[in-house]
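Below, read A as the first sequence line, B as the second, and so on, with proteins coming before strands; counting in each chain starts at 1.
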Amino acid sequence: MCGRFALYSSVNAIMAYADRLAADDAPSYNITPGSSILTISRDGDSRILKRRIWGLVPFWAKDKKIGTRLINARSESLTDKPSFKYAFQKRRCLVIADGFFEWRKRDKQPFYIVGEGLLFFAGLWERWTQPDGTPLETTAIITTPANATMEPLHHRMPVILDAEQAQLWLHPSPSWIALHSLLESTAMSLSMHPVSKEINSPANNHPGLLEEVNMGLF
DNA sequence: CCAGACGTTGTT
DNA sequence: GTCTGG
DNA sequence: CCAGACGTTGTT
DNA sequence: GTCTGG
């Protein structure tokens, strides 16, 4: 699964990947569900970079509370689920991260996981009209079975796309077979190290959260 | 037909 | 145990 | 994802 | 909006 990540690259660096910006660039080392995350989606012929809330609220929802539970979407069932099927067809996006956190199942030890540069998670977005009429844009991150690197920690992980896959993911009329093949697994090369349990509390947020720690006995 | 749910994680 | 908040 | 609350009456 | 359950 993916329930926490980090983004601290400058907006200048991120702009190398997008055509325009509609966001502030406050760094965060502990991004939690419910907060604002940086996404790229297609807008006509161009791509836009914008902040959206993490936790998908489908356009048909009567209450935005449903979003607190829709932070991830299983790749295997995207096309069947009323909460995700419309967004999968028309509102795919990338979620930008410098790395993400995973808690090892057996002992709750947190790890920080990185690639060789920015990470692009496959995501979905929605626009929901709030009671006062203002739009709320929200996001879910797609998960897939863990690859060999991640399996020791957990049996699920986010779908992470390389540049070529990301273009396909954002294409307005993609080959659906090709899209589905992107979601089956994550081939991206990743490395990881244990971090302090200080990451557990959403109140903590500083660069030290990413630093490797010794794990006591091992 | 209408009412009510619409999800993932993990755990048992 | 389950929900909400971060 | 984890942490922290989980309630009413009434008072300031 | 659409599907499932009653």
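- Between B:dG7 and E:dT4, the distance separating the two P atoms is 11 Å to the nearest Å.
- Looking at A:Gln109, its side chain does come within 3.5 Å of a backbone N or O of A:Val195 through a donor-acceptor pair.
- A:Arg156 has a side-chain polar atom (N or O) that falls below the 4.0 Å cut-off from OP1 or OP2 of B:dT9.
- The nearest whole Å value for the distance from the CE atom in A:Met157 to the C1' atom in D:dC1 is 16 Å.
- Between A:His180 and A:Phe88, the distance from one ring center to the other falls under 6.0 angstrom.
- Base engagement by A:Trp60 is indicated by at least one non-hydrogen atom pair under 4.0 Å involving a base atom.
- When the side-chain nitrogen and oxygen atoms of A:Lys65 are compared with OP1 and OP2 of C:dC3, none of them lie within a distance under 4.0 Å.
- The interatomic distance linking A:Phe88 (CZ) with E:dG1 (P) rounds to 22 Å, in whole Å.
- Within the 4.0 Å cut-off from OP1 or OP2 of B:dT9, at least one side-chain nitrogen or oxygen of A:Arg74 is found.
- Rounded to whole Å, the distance from CG on A:Asp63 to P on C:dC3 is 14 Å.
- Set against E:dC3, B:dT8, E:dG1, the side chain of A:Pro82 has E:dG1 as its closest nucleotide.
- The side chain of A:Trp103 has D:dC1 as its nearest neighbour among B:dT8, D:dC1, C:dG6.
- A distance of about 27 Å separates the C1' atoms of B:dG4 and C:dG5, rounded to the whole Å.
- Defined by atom type and a distance below 3.5 Å, a donor-acceptor pair is present between the side-chain atoms of A:Asn205 and A:Ser28.
- Comparing the same atom, C1', in C:dG1 and in D:dT11 gives a spacing of 33 Å after rounding to whole Å.
- Note: A:Tyr29 and A:Tyr8 meet the aromatic proximity criterion, with ring centroids under 6.0 Å apart.
- Nucleotides D:dC1 and B:dT8 have their P atoms positioned 12 Å apart, rounded to a whole Å.
- Base pairing analysis places D:dT8 opposite nothing; no Watson-Crick or G-U wobble pair with both distances below 3.5 Å involves it.
- The distance between atom CZ of A:Phe84 and atom P of B:dC6, rounded to the nearest whole Å, is 12 Å.
- We find that CD1 of A:Ile71 is positioned 8 Å from C1' of B:dT9, with the value rounded to whole Å.
- Residue contacts for A:Ser83: at a heavy-atom cut-off of 4.0 Å it reaches the sugar-phosphate backbone alone, with no base atom in range.
- Pairing for B:dC1 goes to E:dG6, judged as Watson-Crick or G-U wobble with the two contacts each under 3.5 Å.
- Nearest-nucleotide positions on DNA chain B place A:Lys62 closer to the 5' end than the other of A:Cys2 and A:Lys62.
- Distance from the side chain of A:Leu70 is smallest to B:dG7 among C:dG5, E:dC3, B:dG7.
- Comparing the P positions of B:dC2 and C:dG6 gives an interatomic distance of 41 Å, to the nearest angstrom.
- With distances taken from any side-chain atom of A:Phe59 to the nucleotides E:dG1, E:dC3, D:dC1, the minimum falls on E:dG1.
- A:Phe101 has its CZ atom 13 Å from the P atom of D:dC2, to the nearest Å.
- Ring geometry for A:Phe100 against A:Phe121 counts as perpendicular: the plane angle is over 60°, on a 0 to 90° scale with 30° as the lower cut.
- Atom CZ of A:Phe5 is separated from atom C1' of D:dC2 by 16 Å (rounded to the nearest Å).
- Aromatic ring centres of A:Phe111 and A:Phe101: separated by at least 6.0 Å.
- Between A:Ile66 atom CD1 and B:dA5 atom C1' the separation is 8 Å, expressed in whole Å.
- Remark: A:Thr143 is in phosphate contact with B:dT9, judged by side-chain N or O atoms under 4.0 Å from OP1 or OP2.
- The number of heavy atoms from other shown groups lying within 6.0 Å of CD (A:Glu116) does not exceed 12.
- Of the side-chain N and O atoms in A:Ser77, one or more sit less than 4.0 angstrom from OP1 or OP2 of B:dT8.
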